[in-house]
Structures are given as C-alpha cells and as structure tokens.
Number of protein chains: 2
Amino acid sequence: MSMEPARRADLEHELRARGYRVTSTRRAVWDVLRFAHRHLTAYEIVARTDAAGRRVDLASVYRTLDLLEDLGLARRSRLLRSEADSWEVAHADEHFHMECIHCGDVDHHVGALVAVIEDHLGKDHGFDVYEVELRVAGRCATCREPRASGRRA
Amino acid sequence: MSMEPARRADLEHELRARGYRVTSTRRAVWDVLRFAHRHLTAYEIVARTDAAGRRVDLASVYRTLDLLEDLGLARRSRLLRSEADSWEVAHADEHFHMECIHCGDVDHHVGALVAVIEDHLGKDHGFDVYEVELRVAGRCATCREPRASGRRA
DNA sequence: CTACCTGCAAAGGGTTTGCAGGGCA
DNA sequence: TGCCCTGCAAACCCTTTGCAGGTAG
C-alpha cells in the first residue's frame with residue numbers, strides 16, 4: 001500500500017533540474033508533506049512547520065505547493081468535506097479519493113474507473129475528455145454499523 | 001431533452017407546504033433560474049434580476065438558493081472551471097456535467113455511471129456511498145477539431 | 001554580487017452573518 | 001399586528017499579490 005517514502009533528494013533534484021533554488025523553506029514544506037500520513041491543507045502545513053520549529057509563512061506555503069505541483073512532486077485535491085485545497089505527495093497512479101464521513105479517513109482508490117469513464121464519454125458522446133474529477137464520500141468498511149460482525153468501537 | 005419548464009406555482013406550493021412565505025424576492029430568483037438555459041452563479045442571478053428591473057441583494061440570493069435547494073427545487077454544483085457554485089433547476093434524474101473548455105457549454109449527462117460507481121465501491125470495498133461527485137471537462141463533439149467532416153465554424 | 005525567494009501585510013473572490021427596518025400572513 | 005424576510009454592510013475563509021529585505025549560487 002504505502003510505497004517507499006518520497007525523499008528529500010527528490011525535491012533537490014527536481015529543483016536543480018529546473019533551475020530553482022534549494023531553500024530551507026522549500027525543504028520544510030516538502031518534509032512535512034512527505035512524512036504526513038494524510039492530506040494536508042496549506043494551513044495544516046504551517047501548523048506542522050511550526051511544530052517542527054521552522055515557521056513558514058502561509059503565503060510561502062502556497063507558493064511552494066504550486067511549485068511542487070508544477071515539478072510533479074505534489075498533488076492538489078479538493079475533498080468533498082473541505083473548503084480548502086488539500087495536498088499530498090504525488091503518486092504515479094491515477095486514483096481518486098473516498099472520504100469517510102465518520103472517521104475522516106481518505107482512502108486512495110486506484111483503478112480503471114476514471115479510464116472507463118473517459119472511454120465511455122469519448123465513444124458514446126464524441127466528447128474529448130481532458131479532465132475527470134471523481135470524488136466520493138460515505139462510510140468506510142470499518143465505520144459501517146457493525147451488523148454481522150461483533151466488535152464495537 | 002428539455003422537459004416542461006419549472007413553474008412559478010412549484011415554488012409557491014413548496015414554500016407554503018413548509019410554512020415559508022411567498023415573497024417577491026423568492027419569486028424573482030426562481031424566475032431567473034427556471035428561465036435560464038444554463039447554470040448560473042449567484043452573481044449572475046443578481047445581474048439577471050437587475051436586468052429584469054427587480055434588484056435582489058446578493059446575500060438574499062444566497063439565502064434563497066439555500067432554501068430552494070432545501071425545498072428540492074434547485075441543485076447546486078461546482079463546475080471545474082469556476083471558483084463559484086453554480087445553480088440550476090433540480091431535475092429528477094441523477095446526472096453529472098460535461099463542461100466544454102472551448103464553447104463553455106455544460107452538457108447534462110444522464111446515465112447509470114454514478115450508480116455503477118456506487119455499486120462497485122460498495123461491493124468491492126465495503127464502502128457505503130453517500131455522495132458521488134463526477135465532473136468532466138473536455139471538448140464537446142461540436143468543438144472538436146473538424147477532421148473527417150467538412151464544415152468549419 | 002544579484003536575481004531569486006521570503007515574510008509581512010494588504011487585497012481579492014466567494015460566501016455568510018448581524019442588524020434594523022419592511023412586508024407577508 | 002407579529003414574526004419572517006430583506007437590504008445593507010461588515011466579517012469570514014481561503015488564496016493571491018506587492019513590496020522590501022534576505023539568501024542561494
């Protein structure tokens with residue numbers, strides 16, 4: 001499930017490759033993002049840099065995230081339950097998110113679903129698809145009312 | 001494609017049924033919405049009430065739209081290309097939107113796609129789906145590069 | 001050394017809210 | 001008449017931008 005973690009060197013490599021400077025601000029944001037176990041908003045990233053003793057300004061976080069997205073290192077997504085954009089380390093796989101409205105977990109669903117949708121629209125509607133966004137909210141298996149099985153949380 | 005238009009009486013009926021007052025502000029917003037041939041933002045609704053000689057405040061438009069949604073008369077959606085929520089008269093059919101990035105048209109795609117997605121997630125992942133949001137942007141058939149067929153715009 | 005980057009503060013877009021007066025029932 | 005609804009203005013949240021000083025290369 002969790003592939004090997006993104007490395008600090010990934011950032012430095014991409015920055016240098018495109019002529020950007022390697023700065024402590026960019027490292028701080030990247031470190032927060034690559035060690036996070038969930039999606040983070042810009043504001044949450046600031047909180048975590050604070051906690052790590054390296055305060056980064058919110059504006060710089062936004063600028064850095066835009067850059068990381070451009071470098072292919074970060075991915076932005078807008079979850080159903082949040083007004084703010086959320087960020088995660090970019091995966092190679094096409095995937096969409098299933099948000100549990102009970103525990104708040106966000107599952108990554110990797111699959112052909114998006115490709116199937118594109119295909120269907122292209123064939124049946126002559127629609128040339130550039131972008132598909134699929135977002136799902138509900139209850140994850142763990143949080144469903146425990147009917148058949150015993151244990152309660 | 002276009003079913004019979006929503007009626008002014010629909011609004012009055014739903015309002016009275018739930019104990020809300022029938023006001024000229026609510027009629028004005030509803031009239032704009034039911035005669036629109038596309039999705040409208042709150043701001044656009046204000047512009048149209050202005051044009052119709054019945055100015056409605058933006059705040060009231062927002063309050064009215066929330067109410068219309070609650071009454072099941074209007075449906076909110078966030079299109080891919082817009083920061084603002086868009087509104088349309090609620091249809092009975094489950095559908096999603098295909099936005100053409102060239103002409104700006106928003107097609108309503110009615111079909112089983114959303115149901116298929118729900119089903120798939122429920123069966124394969126034990127995920128109890130409450131909400132699915134599917135948004136697609138691309139080029140509609142009309143706006144695709146005219147290769148095989150002759151005519152140019 | 002110098003162009004790029006950063007923090008700070010202010011502005012910006014969309015939406016919500018508090019309040020006092022106005023109009024539906 | 002009484003309470004709901006409205007317009008107005010201000011506040012709110014998230015994000016972007018202008019600017020002057022700091023720092024990587």
Side-chain angles (χ1 to χ4, degrees), chain A residues 8-9 11-32 39-50 52-71 73-87, chain B residues 8 11-32 39-47 49-50 52-71 73-87:
Chain A
R8 171 168 284 189
L11 172 69
E12 302 185 356
H13 177 264
E14 291 300 325
L15 286 174
R16 285 196 241 274
R18 304 255 311 253
Y20 292 104
R21 294 186 177 171
V22 178
T23 69
S24 73
T25 299
R26 286 169 181 165
R27 269 201 289 256
V29 171
W30 177 238
D31 283 350
V32 165
H39 294 235
L40 297 176
T41 64
Y43 188 84
E44 289 170 331
I45 291 173
V46 169
R48 295 197 178 197
T49 57
D50 282 359
R54 172 55 175 91
R55 155 159 283 284
V56 177
D57 188 74
L58 188 54
S60 299
V61 169
Y62 278 112
R63 283 187 278 234
T64 301
L65 288 171
D66 284 346
L67 178 58
L68 293 180
E69 181 176 41
D70 207 49
L71 296 176
L73 292 171
R75 178 181 154 171
R76 179 204 314 258
S77 41
R78 176 74 58 109
L79 302 180
L80 278 174
R81 305 173 57 229
S82 162
E83 294 304 295
D85 285 341
S86 295
W87 296 83
Chain B
R8 171 168 284 190
L11 172 69
E12 303 184 355
H13 177 262
E14 292 300 325
L15 286 174
R16 285 196 241 274
R18 305 256 309 254
Y20 292 106
R21 293 185 177 171
V22 177
T23 69
S24 73
T25 299
R26 286 168 180 166
R27 268 201 290 257
V29 171
W30 178 239
D31 285 350
V32 165
H39 294 234
L40 297 176
T41 64
Y43 188 84
E44 289 170 331
I45 291 172
V46 169
T49 57
D50 282 358
R54 172 57 176 87
R55 155 160 283 284
V56 177
D57 188 75
L58 188 54
S60 300
V61 169
Y62 277 112
R63 282 189 278 235
T64 302
L65 288 171
D66 284 346
L67 179 58
L68 293 179
E69 182 176 41
D70 207 49
L71 297 175
L73 293 171
R75 178 182 153 169
R76 180 203 313 257
S77 41
R78 176 74 58 108
L79 302 179
L80 278 175
R81 305 174 57 230
S82 163
E83 294 303 295
D85 285 341
S86 295
W87 295 85

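Numbered from 1 within each chain, the chains take letters A, B, ... in sequence-line order. Side-chain atoms are counted along with the backbone in the values below, which use heavy atoms only and exclude waters and symmetry mates.
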Mind checking side chain to side chain contact (heavy atoms under 4.5 Å, CB included) for Ala84(B) and listing every partner two or more places apart, or none if nothing turns up? Thr41(B), Ser82(B)

If I take atom CG in residue Leu11(B) and atom P in nucleotide dC5(D), what distance separates them, rounded to the nearest angstrom? 12 Å

Return one dot-bracket line describing DNA chain D 5' to 3' (Watson-Crick or G-U wobble pairs, both distances under 3.5 Å; ( ) same strand, [ ] crossing, | another strand, . none). |||||||||||||||||||||||||

With Arg78(A), which residues qualify under salt bridge (Lys or Arg N to Asp or Glu O under 4.0 Å), at least two apart? Asp85(A)

For Arg8(A), enumerate each residue passing the salt bridge (Lys or Arg N to Asp or Glu O under 4.0 Å) test, keeping only those at least two apart in sequence or located in another chain. Asp31(A)

Which is true for Arg27(B) with a 4.0 Å heavy-atom rule: it touches a base, it touches only sugar-phosphate, or it touches nothing? nothing

Result block: side-chain N/O donor-acceptor pairs under 3.5 angstrom for residues 56-67 of chain B, not counting sequence neighbours:
from	atom 1	to	atom 2	distance (Å)
Asp57(B)	OD2	Ala59(B)	N	3.0
Thr64(B)	OG1	Ser60(B)	O	2.7
Asp66(B)	OD1	Arg76(B)	NH2	3.3

With nearest nucleotides of DNA chain C determined for Arg26(A) and Ser60(B) from heavy-atom distances, which residue corresponds to the more 5′ nucleotide? Arg26(A)

Is the distance from OP1 or OP2 of dT6(C) to the nearest side-chain N or O of Thr25(A) less than 4.0 Å? yes

Those residues that, when tested against Ser86(A), pass side chain to side chain donor-acceptor pair (under 3.5 Å) (two or more places apart): none

Can you tabulate the close N/O pairs, meaning under 3.5 Å, that link protein atoms to atoms of nucleotides 22-25 of chain C?
from	atom 1	to	atom 2	distance (Å)
dG23(C)	N2	Arg21(B)	NH1	2.7
dC24(C)	O2	Arg21(B)	NH1	3.0
dA25(C)	OP1	Val22(B)	N	3.0

Where at least one partner belongs to residues 17-30 of chain A, residue pairs that pass salt bridge (charged side-chain N to carboxylate O under 4.0 Å, His left out), sequence neighbours excluded: Glu12(A)-Arg27(A), Arg18(A)-Asp70(A)

What's the CG-P distance between Leu68(B) and dC5(D), to the nearest Å? 13 Å

dC8(C) C1' sits how many Å from Arg55(A) CZ, rounded? 11 Å

Salt bridge (Lys or Arg N to Asp or Glu O under 4.0 Å) partners for Glu44(B), two or more places apart: Arg38(B)

Using a cut-off of 4.0 Å between protein heavy atoms and nucleotide atoms, how would you tag nucleotides 12-19 of chain D 5' to 3' with B, S and -? --SBBBB-

note: Arg54(A), atom CZ; dG7(C), atom C1'; distance rounded to Å ~ 10 Å

Residues passing the salt bridge (Lys or Arg N to Asp or Glu O under 4.0 Å) test with Arg55(A), sequence neighbours excluded, are Asp50(A)

